[in-house]
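Note on naming: letters A, B, ... go to the chains in the order of the sequence lines (proteins, then strands), and numbering restarts at 1 for each one.
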Amino acid sequence: MTSTMSLDWSEPLVPGEVVLDDRVAPNASWSAVVRAGHVLTIVDVGGNQSGDCLLYNAADTEERYSVPDTLAWQGNAYVRTDTVLRSNLGNPLMTVVGNEIDRQDTIGGACSKESNTLRYGHHVMFHHGCRENFLSEGAKHGLGLRDLVSNLNWFMNVPVEADGALGIVDGMSAPGKRVAVRADTDVLVLVSNCPQMNNPCNDFNPTPLRMIVVSP
Amino acid sequence: MTDSVLNARADARARGGQTSEWMPYLPASSSPYRPLGVEALTWAETVAPGGYTHKVLARGTRIRFDDPTGDACAHVIVYNALETVERLNVADTVKIPWQAYLGAGHPLLSGDGRVLATIVEDTSGHHDAFCGTTTEAWNQRKYGDARPEGPSPAGRSLFVKAAAKHGLAPRDLPPSVSFFQGIRVDADGAFEWRGSAGEGTSVELLAELPLLILVANVPHPLDPRPDYVAGPLRVHAWRSAPTGPDDDRFQATPEAHRAYLNTIDYAEARGL
């Protein structure tokens with residue numbers, strides 16, 4: 001277990017009136033509607049803790065986050081400051097307005113009990129996974145397996161090398177590092193505080209996340 | 001003359017028996033483009049530029065895409081036809097093989113830890129698993145027209161219609177992959193356009209489970225040409241066998257091995 005000494009709960013990356021301030025326990029899920037214009041700061045409290053994230057238009061969840069639209073519109077595989085997080089219709093859902101690590105990931109997808117069997121073997125089938133979190137958190141909003149698409153991974157590091165080799169490697173984050181995303185419309189945000197114990201996406205040590213929404 | 005039912009019927013019937021550049025061929029084995037060495041086809045079609053197709057295929061079906069002009073771009077989504085909630089997961093498809101660039105031997109994985117289809121042959125090597133297909137917003141901006149019935153329909157518009165014909169809704173459309181127009185990722189993450197490998201290349205998929213396949217043949221989103229340039233896409237399919245222990249790819253990597261084991265486990269349990 002990480003000692004409390006190594007946790008940095010930090011503060012909002014963008015100033016404003018705090019409208020929501022939640023702490024997400026290790027391995028747990030979280031969701032909230034972030035209103036248009038509000039800014040969500042996600043704090044990597046323990047350092048190198050992947051926050052798997054899906055976005056939906058709160059008024060019509062058939063419109064949801066789209067990795068390929070986000071990447072094609074910006075012409076780049078990585079998420080950084082000013083990246084517009086686009087929907088499957090090509091519309092902006094949120095925009096990255098602050099980011100304290102080199103790049104954020106959106107190509108690595110979410111872990112699951114099923115994919116863990118491919119990556120590590122059937123002996124880890126019993127482990128918890130982000131897809132499990134997305135299903136239980138999504139169910140609170142009427143969302144199911146049909147609504148799970150490729151996601152964002154805040155604070156996770158997935159480089160693509162020259163020959164196409166790709167993988168989750170040691171993170172570039174640290175306790176208290178933050179990312180801030182502004183809602184461009186009312187957005188339902190689902191987060192899985194990644195429980196993965198078989199790769200470095202959580203430094204092999206799941207830690208909390210802090211979710212702060214401000215009205216600037 | 002179409003002024004009576006009899007005349008209208010005669011007029012309609014006189015239209016039969018013709019051919020066009022883009023059409024399905026029935027029976028499939030009558031295809032004028034039948035691949036060499038293949039006798040009995042189960043699907044044969046030329047998909048129009050800007051067109052789409054879709055099919056439910058038996059486990060073990062081999063699906064061949066041909067790009068005769070070098071201007072096709074086959075955007076593809078695959079589903080387990082028995083449980084369409086199991087569908088292509090592009091993130092797992094690149095993460096689990098530790099490889100972003102699609103090519104021969106690459107599995108198209110579902111989110112359920114199984115192989116929906118395997119890329120078994122590839123003479124192009126110019127493909128993409130990052131950019132998905134086009135949206136109406138994209139085509140409106142790029143071509144000034146994105147109407148599904150217009151001259152420059154978006155890939156997503158075509159997927160919406162193809163999916164609907166199997167009872168699926170827009171929420172059932174995950175990110176897609178595309179064949180015959182390639183990109184590469186540079187050290188900073190920027191996409192470099194590679195385009196086509198030229199005319200006359202082909203890609204073959206092997207259905208590892210009963211498959212619903214949706215195909216949209218539209219320009220790649222990053223195609224730098226200002227005009228809507230698309231070529232015909234030929235599709236042929238025939239019965240073969242799914243990947244099994246006797247195939248080299250079955251144990252080519254530990255990840256692939258376990259993916260095929262999961263797939264066969266599912267098929268055996270269902271009595272397939």
Side-chain angles (χ1 to χ4, degrees), chain A residues 56 60-64 66-80 86-91 103 105-122 125 131 143-151 153 158-168 199, chain B residues 84-87 89-103 107 109-114 128-138 140-141 154 156 168-176 183-191 220-222 254-259 261-262:
Chain A
Y56 301 83
D60 176 8
T61 56
E62 202 160 78
E63 180 173 17
R64 70 275 308 267
S66 168
V67 172
D69 288 285
T70 296
L71 300 186
W73 280 78
Q74 72 170 8
N76 194 290
Y78 302 127
V79 173
R80 301 182 172 98
R86 291 184 184 270
S87 75
N88 53 346
L89 301 182
N91 298 325
R103 57 169 192 255
D105 171 67
T106 195
I107 52 182
C111 67
S112 71
K113 295 167 81 73
E114 294 79 13
S115 69
N116 278 349
T117 71
L118 307 191
R119 299 161 77 193
Y120 313 111
H122 291 91
M125 180 77 173
R131 199 163 85 136
L143 302 173
L145 199 50
R146 299 164 69 196
D147 302 295
L148 300 193
V149 289
S150 297
N151 53 289
N153 293 299
V158 183
V160 181
E161 297 177 352
D163 62 354
L166 154 160
I168 301 166
N199 74 48
Chain B
T84 53
V85 75
E86 179 174 11
R87 55 197 57 181
N89 183 312
V90 171
D92 283 356
T93 292
V94 298
K95 175 174 62 179
I96 285 161
W98 303 87
Q99 176 53 249
Y101 302 146
L102 304 178
L109 294 164
S110 75
D112 294 278
R114 292 187 281 262
D128 176 30
F130 287 93
C131 294
T133 192
T134 47
T135 59
E136 293 190 18
W138 183 274
Q140 181 63 41
R141 186 183 69 149
R156 185 173 188 280
L168 301 178
R171 65 191 283 226
D172 295 301
L173 295 174
S176 51
I183 62 118
R184 284 290 184 262
V185 180
D186 79 7
D188 189 50
F191 296 136
H220 187 281
L222 298 190
E255 296 85 5
H257 184 210
R258 292 189 287 259
L261 286 175
N262 284 352

Query raised in the report: Within a strict 4.5 Å, meaning less than it, do heavy atoms of the R80(A) and D188(B) side chains meet?
Result: yes
Query raised in the report: Quick one: of A137(B), P97(B), C131(B), who has the most non-hydrogen atom pairs under 4.5 Å with chain A?
Result: C131(B)
**Report entry** Euclidean distance, W98(B) CH2 relative to L166(A) CG, rounded to 0.5 Å
**Finding:** 9.0 Å
Query raised in the report: Given L148(A) and R87(B), is the side-chain contact (heavy atoms from CB on, under 4.5 Å) satisfied, shown in steps?
Result: CA-CA 11 Å; L148(A) 300 193; R87(B) 55 197 57 181; over 6 Å; no
Report summary line: chain B shares the most heavy-atom pairs under 4.5 Å, among A110(A), G108(A), P159(A), G144(A), with G108(A)
Query - For R114(B), all residues meeting side-chain hydrogen bond (donor to acceptor under 3.5 Å, both in side chains), sequence neighbours excluded - result: E86(B)
Report summary line: So, the part of R103(A) with a heavy atom under 4.5 Å from chain B: the answer is neither
Query raised in the report: With respect to chain B, which residue among G164(A), A165(A), G109(A) yields the maximal number of heavy-atom pairs within a distance under 4.5 Å?
Result: G164(A)
Query raised in the report: Are N88(A) and R156(B) side-chain neighbours, meaning at least one heavy-atom pair lies under 4.5 Å?
Result: yes
Query raised in the report: Out of Q99(B), K95(B), R171(B), which one racks up the most heavy-atom pairs below 4.5 Å with chain A?
Result: R171(B)
Report task. Give, as side chain, backbone, both or neither, the part of A162(A) having an atom under 4.5 angstrom from any heavy atom of chain B. Result -> backbone
Query raised in the report: Where on I183(B) is there a heavy atom nearer than 4.5 Å to chain A: the side chain, the backbone, both, or neither?
Result: neither
**Report entry** Contact summary for V90(B) and S150(A), nearest pair of heavy atoms
**Finding:** N-OG, 4.5 Å
Report summary line: Ranking G167(A), G121(A), C111(A), S112(A) by heavy-atom pairs under 4.5 Å to chain B gives rank one to G121(A)
Report summary line: Rounding to 0.5 Å, atoms CE (M125(A)) and CG (N262(B)) come to a distance of 7.5 Å
Query raised in the report: Yes or no on salt bridge (charged side-chain N to carboxylate O under 4.0 Å, His left out) for R119(A) and D92(B), after CA distance, side-chain angles and deciding distance?
Result: CA-CA 10 Å; R119(A) 299 161 77 193; D92(B) 283 356; over 6 Å; no
**Report entry** Any donor-acceptor pair under 3.5 Å from E136(B) side chain to G90(A) backbone
**Finding:** no
Query raised in the report: Do you know which of I168(A), N151(A), V67(A), D163(A) has the most heavy-atom pairs under 4.5 Å to chain B?
Result: D163(A)
Query - Side chain, backbone, both or neither of T117(A) within contact of chain B (heavy atoms, under 4.5 Å) - result: both
Report summary line: Counting heavy-atom pairs under 4.5 angstrom with chain A, the leader among P254(B), G189(B), A91(B) is G189(B)
Query - Approximate separation, where rounding is to 0.5 Å, of D128(B) CG and L71(A) CG - result: 9.5 Å
**Report entry** For the student: nearest non-hydrogen atoms of F130(B) and A77(A), plus distance
**Finding:** CE2-CB, 4.2 Å
Query raised in the report: Looking at S115(A) and I96(B), what are the two nearest heavy atoms and their distance?
Result: CB-CD1, 3.7 Å
Report task. For residues R146(A) and L168(B), determine if any side-chain heavy atom of one lies less than 4.5 Å from a side-chain heavy atom of the other. Result -> no
Query raised in the report: So do E62(A) and L173(B) actually touch side chain to side chain, heavy atoms under 4.5 Å?
Result: no
Requested in this report: Please report the closest heavy-atom contact between R258(B) and L118(A), naming both atoms and the distance.
Outcome: NH2-O, 2.9 Å
Report task. Would you sort out whether T135(B) and D69(A) count as a side-chain contact (heavy atoms from CB on, under 4.5 Å), showing the intermediate values? Result -> CA-CA 8 Å; T135(B) 59; D69(A) 288 285; 3.1 Å; yes
Requested in this report: Go through the atoms of A169(B) and report whether side chain, backbone, both or neither lie under 4.5 Å from a heavy atom of chain A.
Outcome: both
Query raised in the report: Top residue by heavy-atom pair count (under 4.5 Å) with chain A, among P170(B), G132(B), P221(B)?
Result: P170(B)
Query raised in the report: Does R141(B) make a cation-pi contact with W73(A) (under 6.0 Å, within 45 degrees of the axis)?
Result: yes
